[in-house]
Q: 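Before I ask anything, let me first share the structure, which is written out below as structure tokens.
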Amino acid sequence: MEILRGFKDILPTDIKKWHKLEEIARNTLESFGYKEIRTPLLEKTRLFARGVGEDTDIVEKEMYTFLDKSNESVTLRPEGTAGVVRAYIDNHLENLPYKKYYYIGAMFRYERPQKGRLRQFHQIGVEVFGIDNPSIDAEIVHLDKTMLEKLKIGDLRIEINNIGCDRCRPEYIKKLQEYFTQHKDKLCEDCKRRLNKNPLRILDCKNKGCKTVAKDAPKITDYACDNCKNHFNNVKKKLQSLNIEFIENPYLVRGLDYYTKFVFEIITDKLGAQGTVSAGGRYDGLIEQLGGKATPGIGFASGCERLIELMDEEKELLFDYYIANLSEDDYALDIASKLINLTNKRIYVEYEKRSLKSMMKKADRMGTRFVVIVGENEKNKNSVLVKDMKNSTQNEYDLKIFLDNEVKRWL
RNA sequence: GUGGGUAUAGCUCAGUUGGCAGAGCACCAGGUUGUGGCCCUGGGGGCCGUGGGUUCAAGUCCCACUACUCACCCCA
């Protein structure tokens, strides 16, 4: 039996980093006033088709979609926003006094795996509803940046762009199509395809020929409506007053249909081709699109696996006590259960019959602070032999005194 | 879906013009009758990815398949 392609086990050797990531993320999000929400991994296919956009690659070819036993088409969530928006509408969360949410969880996309890309992956994301003030755009960038700093991830750049709204973007896309159609012969095959489907993507193409054509293409700044322009300018001002450095990238495009106005990405050069660590933006039309009242929205998501890869490994002790039981007697087990009850520390009880030498070696390799050695001698004296693996000191104690000492140690 | 690279011990990888399957790390035991790290000695472990072909002889050469991986596409 092998694991599915693009799926990964997270083993005990990696779990420390995951816990740390989740802890730092939660603390940062909570300190910014965001509340956790958990939505199902499985939703009706229609939700994503309508929310993410029928013509996006995600919906067209990357979804894990199947019929359930009542012949309903269901889909493992390929992204987090649609589900949270659905929950917001379903549960009438507009009546709650707070509108800032976050989630941490698995997403699924049927893609060819590569560095920084899996079929099941995890995202930390936030969604904010009902606020169109540009301050909130700046806040989520600030929040994202703060979280990354607390994770000690450096060498990142923040890129931002304005992609317009329902009112001005269609006009811009039309102009873009007209322009690129004139230069069709210079475009790569992919971009010829994009011309009809998603001309914005041509701006983002890495092909040299396309890049030179794109350089003189119409700019959104010339077509954006006043509303979008003002909004974007205000976001930039807020970012500046927060001392957040950013790069304005007019070619920054997002792959999901629902984005409007302000979009941003946080990018590293250390992850090969998949360098986007976080990305997001505003989606002012989405909630209405999914059947709610017209409500502005904004959010972003970070890829956990990408963050994990950028985090430093920290060596830590994995166990506080290793119980080296040299006899068949229950005396050692009794000590172990007392220790667990009294100290609530991490205690590994050895059940394999092996030499003390091999147990010491094992305790050392496992990363253990104290080895509690218990054999016939100790049992007869009602004592324990305790070796401090860090200082290489060893003492024998009366059992009662030992337990008292250990309780005090961790206070 | 398309292209490149890789596939040998639990892990990282050697393996010469085709000629007995290797190292380091890890694991186990001993050196030390109840004491870790360093050192020394020994040990267990292999369908050499799968299937075909060439050959007296294939880990090695050829073909196909599969998996992994990187990249494209796209995205976190």
Side-chain angles (χ1 to χ4, degrees), chain A residues 2-8 11 13 52 55-63 77-81 103-126 144 148 188-191 193-194 197-198 200-201 204-207 252-256 259 264-268 271-281 299-310 322 324-327 352 354-378 385-394 396:
Chain A
E2 286 103 40
I3 195 168
L4 283 171
R5 157 174 270 193
F7 286 63
K8 277 269 181 311
L11 303 174
T13 42
V52 177
D55 294 332
T56 57
D57 272 33
I58 289 180
V59 171
E60 262 182 12
K61 50 186 196 193
E62 294 175 2
M63 295 207 302
R77 65 184 184 193
E79 58 95 53
T81 301
Y103 56 85
I104 302 178
M107 308 292 163
F108 303 83
R109 288 182 202 168
Y110 192 88
E111 301 178 84
R112 278 289 278 272
Q114 68 183 81
K115 193 176 176 65
R117 188 168 66 188
L118 292 165
R119 288 183 171 181
Q120 176 181 332
F121 60 104
H122 298 78
Q123 287 188 335
I124 297 167
V126 315
D144 198 353
L148 295 167
C188 69
E189 289 308 309
D190 283 328
C191 282
R193 230 181 350 96
R194 289 177 178 127
K197 211 182 105 184
N198 193 350
L200 282 171
R201 275 267 156 231
D204 202 29
C205 185
K206 285 157 195 136
N207 185 291
L252 181 66
V253 178
R254 313 264 48 246
L256 286 63
Y259 285 112
F264 77 100
E265 280 189 26
I266 300 187
I267 303 164
T268 177
L271 287 182
Q274 309 301 327
T276 300
V277 155
S278 288
F300 74 84
S302 294
C304 292
E305 282 79 1
R306 293 180 187 177
L307 296 177
I308 291 273
E309 202 163 325
L310 293 171
Y322 176 97
N325 186 8
L326 297 176
S327 74
E352 287 177 59
R354 32 168 74 210
S355 68
L356 179 57
K357 177 186 170 133
S358 87
M359 286 197 264
M360 295 300 291
K361 191 172 177 181
K362 186 169 166 182
D364 182 45
R365 298 198 56 83
M366 280 164 55
T368 307
R369 183 63 208 282
F370 299 104
V371 176
V372 181
I373 303 165
V374 192
E376 290 299 326
N377 299 341
E378 289 73 23
L385 198 54
V386 181
K387 177 138 192 188
D388 182 333
M389 298 298 272
K390 200 164 140 197
N391 308 327
S392 294
T393 56
Q394 180 171 299
E396 187 170 0

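Every chain is numbered from 1 and lettered A, B, ... according to where its sequence line falls, protein lines coming before strand lines. Note that this is a predicted model, so its numbers are computed, not measured.
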Q: Hey, does A:R109 reach any base, or is it just sugar-phosphate, or nothing, if we go heavy atoms under 4.0 Å?
A: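 Here A:R109 touches the bases of the nucleic acid.
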
Q: Over all strands shown, is A:R194 touching base, sugar-phosphate only, or nothing at heavy-atom distances under 4.0 angstrom?
A: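 Sugar-phosphate, no base atom in range.
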
Q: Could you work out the separation of B:U55 and B:G49 based on their P atoms and round it to a whole Å?
A: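 Going atom to atom, P in each nucleotide, I get 23 Å.
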
Q: Calculate the interatomic distance between A:F300 atom CZ and B:A76 atom C1'; express it in whole Å.
A: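 Taking CZ of A:F300 and C1' of B:A76, I get 11 Å after rounding.
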
Q: Rounded off to whole Å, could you give me the CG-to-P distance for the A:D204 and B:C73 pair?
A: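 Those two atoms, CG and P, are 9 Å apart.
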
Q: Tell me whether the side-chain N or O atoms of A:S358 pair up with the base of B:G36 as donor and acceptor below 3.5 Å, since no angle test is needed here.
A: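 Side chain to base: no pair below 3.5 Å.
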
Q: Identify whether NZ of Lys or CZ of Arg in A:R119 sits under 6.0 Å from the centre of the six-membered ring of A:F108 and within 45° of that ring's axis.
A: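 No.
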
Q: Distance criterion of 3.5 Å, no angle test: do you see the side chain of A:Q114 paired donor-to-acceptor with the base of B:C68?
A: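 No.
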
Q: With rounding to whole Å, what would you report as the distance between B:G4 and B:A9 at their P atoms?
A: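 The same atom, P, in both gives a distance of 26 Å.
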
Q: Using a cut-off of strictly less than 4.0 Å, decide whether A:R254 has a side-chain nitrogen or oxygen near OP1 or OP2 of B:A76.
A: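 The answer is yes; a side-chain N or O of A:R254 sits under 4.0 Å from OP1 or OP2.
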
Q: Students often get this wrong, so: under 4.0 angstrom with heavy atoms, is A:I3 touching a base, only sugar-phosphate, or nothing?
A: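 Touches nothing.
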
Q: How would you summarise protein contacts on nucleotides 30-35 of chain B per nucleotide, using B for base, S for sugar-phosphate only and - for none, with heavy-atom distances below 4.0 Å?
A: -B--BB

Q: Counting any heavy atom closer than 4.0 Å, what does A:G116 reach on the DNA or RNA strands: base, sugar-phosphate only, or nothing?
A: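 It contacts base atoms.
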
Q: Just checking A:R354: base, sugar-phosphate only, or nothing, at a heavy-atom cut-off of under 4.0 Å?
A: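 Sugar-phosphate only.
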
Q: Have a look at A:A301 and say if it touches a base, only the backbone sugar-phosphate, or nothing, with a 4.0 Å heavy-atom cut-off.
A: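 Answer is sugar-phosphate: A:A301 comes under 4.0 Å of backbone atoms only.
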
Q: Regarding A:V371, tell me which of base, sugar-phosphate or nothing describes its non-hydrogen contacts under 4.0 Å with the strands shown.
A: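 Counting heavy atoms under 4.0 Å across all strands, no contact is made by A:V371.
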
Q: Base, sugar-phosphate or nothing for A:Q274? Non-hydrogen atoms, less than 4.0 Å.
A: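 Since a base atom lies under 4.0 Å of A:Q274, the category is base.
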
